[in-house]
Engineer: 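Below you'll find the structure I mean.
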Amino acid sequence: MRKIKRKIIIGFLTASILVSISACSGDKWQFSKTYQPEDVFSYTFDFLGKDVMPIGGYMAPTDGYAYGGVWYESKINNAQFALASEAGINLLYNTREDYNIVPEKVKQALSYAESNNIVYLFPDTGIINIRGGYVAEKDTISSRIQEYAEYLSFGGLTCIDEPGKNHFDLIGQANNRFAEALNEKSGTLYVNLFPSYASRGQLSGDEKDQSVDYNTYIESYIETCSPQYLSYDYYPFIGTTESMQYNIESTYFSNLNTVRSAAERNGIPFWVYIQAGGMWEGRTDVRIPNESEVLWQVNTGLACGAKGVQYFPYMQPPEWSDMDNEAGLINKFGQKNAMYYYAQKANRQIRAIDHVLMNACSTGVIVHGSSPASVYGEMKIESYRQLKSVTGDDALVGCFDYRGKSAFYVVSNSIIKEKAEITLKFDQKYCFDVTQRAQERSTTAKELKLKLAAGEGALVLPR
């Protein structure tokens, strides 16, 4: 894989290091274990800048085409890329315009992306075609890259979405050759993995092969492909909007825990997908999320240590849904949906706190009250350092070591309750910097009270 912009370590420190943090009262708190900067697993793109979290949109604006007897105008223009940037999207994935077929369209998109501070990924089957069983030699890849690497927005290529295990050997070969061909340039081959509710036939890539379980799938991918990050999708909201608390896939957190644990063991970050649509590809049981459900997905992912957030779909292609004006941030006519504003709100919060989260080690989550899906495994903890207990409404509290200090990401762990009141009880009085709705405030308390909307999150930094 590429040789720069990987801020990772292989494994955690085993030695305990004592660090003291001053409380407002002047007393000291000593931590039995802290982490060093090299313990932080994150990945970003040079073009975005240091410590900026990738916020992706799949799929990018596409060229014009006909579907169902209707012509849809090209969305590859500056106005559409500006809309993505205004929503807080800084990474767009194109899977439709192949550089091997329409190079001029890809270069147009790269130019518009660059003008709007967006990293752009696209396919080039002339050098890498995993489903077609082809990976070019290093020199051929290197020569092709020179045709578009001059664009600052070039972040790499979209390699394959939801591959089976039978594709891993070729992906690993492609990763190695692509990294060598980059020759110190920044870039990635983007691969996104299946969720845990995929069938064993999907995980293996062969319906006759039922031998691959999800843990094997994830571990085999890491071992064979040596990825820079783990990206996976999981779309939890099913059924209707009635009794929403229970219409959610039950394995949401267990899937997150599996990926999180594998990423931590192998010293790489993980990225999550956000369900921003529904009713796709004939799936009438997958509903379009509301605002609280979008916020809940984003904020629970961040609380559990995700270092990248991605929305599916960003722009809804005509063939993916009949829900013209609801699914995706942008509908098939190029217009904003309600989802656009939900994501924009979530992304503003991310941009206000990503400099902390990208430099923080996730140590676990505290669960208070009930949860839409069960949280268990090594990810679940009872308390952390100064924080002794949580009271009030349902909450999920992500616990982090941030450069030797504590950081807490508090989430209203409900998609129904409009106003939650959550109290963090500490061992003594502290000064706190609290970032909520992209606004920072400071306060002093021993019991910190937070008021959060459904699914909303707040970053709490004790000083």
Side-chain angles (χ1 to χ4, degrees), residues 1-8 42-49 52-60 81 84 89-100 102-103 105-114 116-131 134-138 140-163 167 170-193 221 225-232 268-271 273 307-310 314:
M1 303 307 293
R2 74 178 188 176
K3 302 173 185 175
I4 59 175
K5 296 301 289 181
R6 283 189 81 177
K7 293 168 277 186
I8 61 175
S42 63
Y43 178 93
T44 191
F45 297 87
D46 290 342
F47 185 50
L48 298 183
V52 174
M53 183 176 290
I55 304 175
Y58 187 114
M59 133 177 343
F81 279 82
I89 300 295
N90 57 28
L91 172 63
L92 282 171
Y93 313 106
N94 171 31
T95 59
R96 190 175 185 90
E97 279 70 51
D98 185 342
Y99 186 86
N100 194 47
V102 286
K105 292 296 181 182
V106 172
K107 287 184 176 181
Q108 286 177 7
L110 282 164
S111 179
Y112 293 131
E114 186 171 314
N116 290 281
N117 300 309
I118 293 173
V119 172
Y120 189 72
L121 306 180
F122 55 91
D124 186 349
T125 57
I127 54 174
I128 296 174
N129 184 356
I130 300 301
R131 295 199 189 278
Y134 172 70
V135 175
E137 295 299 324
K138 185 200 75 172
T140 302
I141 295 174
S142 180
S143 178
R144 178 64 72 93
I145 287 174
Q146 301 309 310
E147 297 181 23
Y148 37 70
E150 66 186 69
Y151 292 92
L152 297 177
S153 56
F154 169 66
L157 302 177
T158 49
C159 183
I160 187 172
D161 184 47
E162 297 184 334
H167 287 118
L170 197 58
I171 294 171
Q173 184 182 92
N175 276 340
N176 290 334
R177 292 183 184 177
F178 187 73
E180 292 175 359
L182 282 172
N183 190 27
E184 300 297 336
K185 292 185 177 69
S186 175
T188 186
L189 278 184
Y190 178 77
V191 176
N192 177 62
L193 301 179
Y221 172 70
C225 302
S226 300
Q228 296 154 307
Y229 46 82
L230 279 182
S231 171
Y232 77 104
I268 55 177
F270 71 94
W271 297 358
Y273 259 98
K307 293 291 200 295
V309 169
Q310 308 160 96
Y314 168 72

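Hydrogens, waters and symmetry mates are skipped; everything else that's a heavy atom, side chains included, is used.
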Engineer: Check for a donor-acceptor pair, side chain of Arg177 on one end and backbone N or O of Ala136 on the other, with a separation under 3.5 Å.
Structural biologist: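 Looks like yes, one N/O pair under 3.5 Å.
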
Engineer: Looking at every heavy atom in both Pro123 and Glu97, which two are closest together, and how far apart are they?
Structural biologist: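 Heavy-atom minimum between the residues: CD-O, 3.5 Å.
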
Engineer: For the SG atom of Cys159 and the CZ atom of Arg131, what is their distance to the nearest 0.5 Å?
Structural biologist: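 If I round to the nearest 0.5 Å, the distance is 9.5 Å.
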
Engineer: Donor-acceptor pair, Asn100 side chain versus Asp124 backbone, under 3.5 Å?
Structural biologist: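 Answer holds: no.
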
Engineer: Nearest heavy-atom pair of Phe178 and Ile128: which atoms, and what distance?
Structural biologist: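 That would be CD1-CD1, 4.2 Å.
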
Engineer: For the atom pair CD (Glu162) and NE2 (His167), what is the distance rounded to the nearest 0.5 Å?
Structural biologist: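 Answer for the CD-NE2 pair, Glu162 versus His167, is 12.5 Å.
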
Engineer: Measure the CD1-CD distance between Ile55 and Gln310 for me, rounded to the nearest 0.5 Å.
Structural biologist: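 It is 11.0 Å, given to the nearest 0.5 Å.
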
Engineer: When rounded to the nearest 0.5 angstrom, what is the spacing between CD1 in Ile89 and CG in Asn116?
Structural biologist: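 The CG atom of Asn116 is 12.5 Å from CD1 of Ile89, to the nearest 0.5 Å.
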
Engineer: Within the side chain of Tyr43, is there an N or O that forms a donor-acceptor pair under 3.5 Å with the backbone of Gly308?
Structural biologist: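 No: the side chain of Tyr43 does not pair with the backbone of Gly308.
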
Engineer: Check Gly156 against Leu121 and note the closest heavy-atom contact, atom names and distance.
Structural biologist: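 Smallest interatomic distance, heavy atoms only, reads N-CD2, 3.3 Å.
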
Engineer: Check whether any side-chain heavy atom of Tyr120 lies under 4.5 Å from a side-chain heavy atom of Leu91, and answer yes or no.
Structural biologist: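 Tyr120 does not reach Leu91 side chain to side chain.
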
Engineer: So, do Asp161 and Tyr58 sit near enough that their side-chain heavy atoms are less than 4.5 Å apart?
Structural biologist: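 Yes, side chains in contact.
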
Engineer: Mind checking whether Tyr93 and Tyr273 have parallel, tilted or perpendicular rings, split at 30° and 60°?
Structural biologist: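 If you compare the ring of Tyr93 with that of Tyr273, the planes turn out tilted.
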
Engineer: Between Ser186 and Phe45, is there a donor-acceptor pair closer than 3.5 Å when you use the side chain of the first and the backbone of the second?
Structural biologist: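 No.
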
Engineer: Quick check for you: to the nearest 0.5 Å, what is the distance between Ile130 atom CD1 and Gln173 atom CD?
Structural biologist: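 Reported to 0.5 Å precision, the distance equals 8.0 Å.
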
Engineer: Between Tyr148 and Tyr99, what is the ring plane arrangement, given parallel below 30°, perpendicular above 60°, and tilted in between?
Structural biologist: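 Taking Tyr99 first and then Tyr148, their aromatic rings stand perpendicular (interplane angle over 60°).
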
Engineer: Is the closest side-chain heavy-atom distance between Ser142 and Asn183 below 4.5 Å?
Structural biologist: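 No - every pair of side-chain heavy atoms lies 4.5 Å or more apart.
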
Engineer: Could you pull out the closest heavy-atom pair between Pro54 and Trp271, with the gap in Å?
Structural biologist: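 That closest heavy-atom pairing would be CG-CZ2, 3.7 Å.
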
Engineer: Between Asn175 (side chain only) and Ser226 (backbone N and O only), is there a donor and an acceptor less than 3.5 Å apart?
Structural biologist: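 Checking the backbone N and O of Ser226 against the side chain of Asn175, no donor-acceptor pair under 3.5 Å is found.
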
Engineer: What are the two closest heavy atoms between Ser153 and Leu110, and how far apart are they?
Structural biologist: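 It is OG-O, 2.7 Å.
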
Engineer: For a quick check under 3.5 Å, do Thr188 and Tyr229 share a side-chain donor-acceptor pair by atom type?
Structural biologist: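 Present: a donor and an acceptor within the cut-off.
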
Engineer: With heavy-atom distances below 4.5 Å as the criterion, would you say the side chains of Val119 and Leu92 are in contact?
Structural biologist: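 Side chain of Val119 against side chain of Leu92, heavy atoms only: no contact under 4.5 Å found.
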
Engineer: How far does CD1 of Ile127 sit from CD1 of Ile141, to the nearest 0.5 angstrom?
Structural biologist: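 With rounding to 0.5 Å, CD1 (Ile127) is 5.5 Å from CD1 (Ile141).
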
Engineer: Counting distance only, does the side-chain N/O of Asn94 pair as donor-acceptor with the main-chain N or O of Arg96 below 3.5 Å?
Structural biologist: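 Judged by distance alone, yes, a pair lies under 3.5 Å.
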
Engineer: On a heavy-atom basis, which atom in Phe154 and which in Ala149 lie closest, and how many Å separate them?
Structural biologist: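 Residues Phe154 and Ala149, closest heavy atoms: CD2-CA, 3.9 Å.
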
Engineer: Ignoring hydrogens and geometry beyond distance, is a side-chain donor-acceptor pair present between Tyr232 and Asn192 at under 3.5 Å?
Structural biologist: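 There is no such pair (donor and acceptor under 3.5 Å, judged by atom type) between the side chains of Tyr232 and Asn192.
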
Engineer: Please tell me whether Ser111 and Tyr151 have a donor and an acceptor in their side chains that are separated by less than 3.5 angstrom.
Structural biologist: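 Checked: Ser111/Tyr151 side chains show no N/O donor-acceptor pair below 3.5 Å.
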
Engineer: Counting only N and O atoms by type, is there a donor-acceptor contact under 3.5 Å from the side chain of Asn90 to the main-chain atoms of Met53?
Structural biologist: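 Between the backbone of Met53 and the side chain of Asn90 there is a qualifying donor-acceptor contact (under 3.5 Å).
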
Engineer: Does Glu114 reach the main-chain N or O of Leu152 with its side chain, forming a donor-acceptor pair under 3.5 Å?
Structural biologist: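 Here the side-chain-to-backbone pair exists.
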
